[in-house]
Enquirer: 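Can you keep this structure in mind? I'll have questions shortly.
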Amino acid sequence: SDLHSAAYGINNHGDVCGFYSERTPNGLSVKAVLWSADGRQIEISGLPGYPYSRAWAVNDERVVIGISYFSAQAGPAFVWRNGVVVALTDASNLTDPAEILRASGINQNGQIAANGGFGIDLIPRGLLLSPEALVPGDCNCDRHVDVQDILGVIFHWGLGGAGSAADFDHDNDVDMNDLLADIVHWH
């Protein structure tokens, strides 16, 4: 059961994001979560190698931004969409190397308000990030729709789509419509 939870962001559909914590045999677990307007709880894994995560904001496309971290030490910001989490630095349009310290808001165009540090001293500055748009039908976020994406739909077929990268139409079911999204966008 939850020890503590907090909500930080809400979209126009009533989806809410934040985090929850619970006791596990290994100690305390803190996970980012998306509570959908229909009552489902979708756990959002943080970036690999970081045991804890929190979600800060969600837009109407259910794109979530948050942070992964170790205990009290902040780690990299992430963007999550349809079950796939990517480091925000890898998904952004930055040309200068920067460490994105925190992402705090996302609009309906997918633009993200963030704070980042540049240079040796990591002097913080406000940033407007425009992550590259995901290709419709792209399960694995490699920016191509190919056989791997078809296999992703087949693997998730009929399992329910809550948070699945293969549920392209967000109807909470991986079905023929999602397979057609792959076929239409195949290249």
Enquirer: Out of curiosity, does Val184 fall in the hydrophobic cluster containing Ile150 (side-chain heavy atoms, cut-off under 4.5 Å, transitive links)?
Expert: no
Enquirer: Can you give me the closest heavy-atom contact between Tyr20 and Val33, atom names plus distance?
Expert: CD2-CB, 4.0 Å
Enquirer: Closer than 3.5 angstrom, by distance alone: can the side chain of Asn59 be matched with the main-chain N or O of Ile106 as a donor-acceptor pair?
Expert: no
Enquirer: Might you point out which heavy atoms bring Arg62 and Ser36 nearest each other, and give the distance in Å?
Expert: NH2-CB, 3.3 Å
Enquirer: Using the six-membered ring wherever Trp is involved, compare the ring planes of Tyr8 and Phe19 and label them parallel, tilted or perpendicular (cut-offs 30° and 60°).
Expert: parallel
Enquirer: Of the non-hydrogen atoms in Leu47 and Ser68, which two are nearest, and what is the gap between them?
Expert: N-OG, 2.8 Å
Enquirer: Tell me the closest heavy-atom pair linking Val147 and Trp186, and the distance in Å.
Expert: N-CH2, 3.3 Å
Enquirer: Any non-hydrogen side-chain atom of Arg81 less than 4.5 Å from a side-chain atom of Val79?
Expert: no
Enquirer: Under 4.5 Å between any side-chain heavy atoms of Tyr50 and Pro76, yes or no?
Expert: yes
Enquirer: If you look at every heavy atom in Gly18 and Trp35, which pair is closest and at what distance?
Expert: N-CZ3, 3.9 Å
Enquirer: Just verifying a value: how many Å separate Ser29 OG and Glu43 CD, rounded to the nearest 0.5 Å?
Expert: 6.5 Å
Enquirer: Which atom names give the shortest non-hydrogen contact between Ser45 and Ser53, and what distance separates them?
Expert: C-OG, 4.4 Å
Enquirer: CG of Asn109 to CD of Glu61: how many Å apart, nearest 0.5 Å?
Expert: 10.0 Å
Enquirer: With rounding to the nearest 0.5 Å, note down the distance linking CZ in Arg102 to CZ in Arg54.
Expert: 9.5 Å
Enquirer: Let me confirm one number: the CD1-CG distance from Ile112 to Leu129, rounded to the nearest 0.5 Å.
Expert: 6.0 Å
Enquirer: Check whether any side-chain N or O of Asp182 sits under 3.5 Å from a backbone N or O of Leu179 as a donor-acceptor pair, and report yes or no.
Expert: no
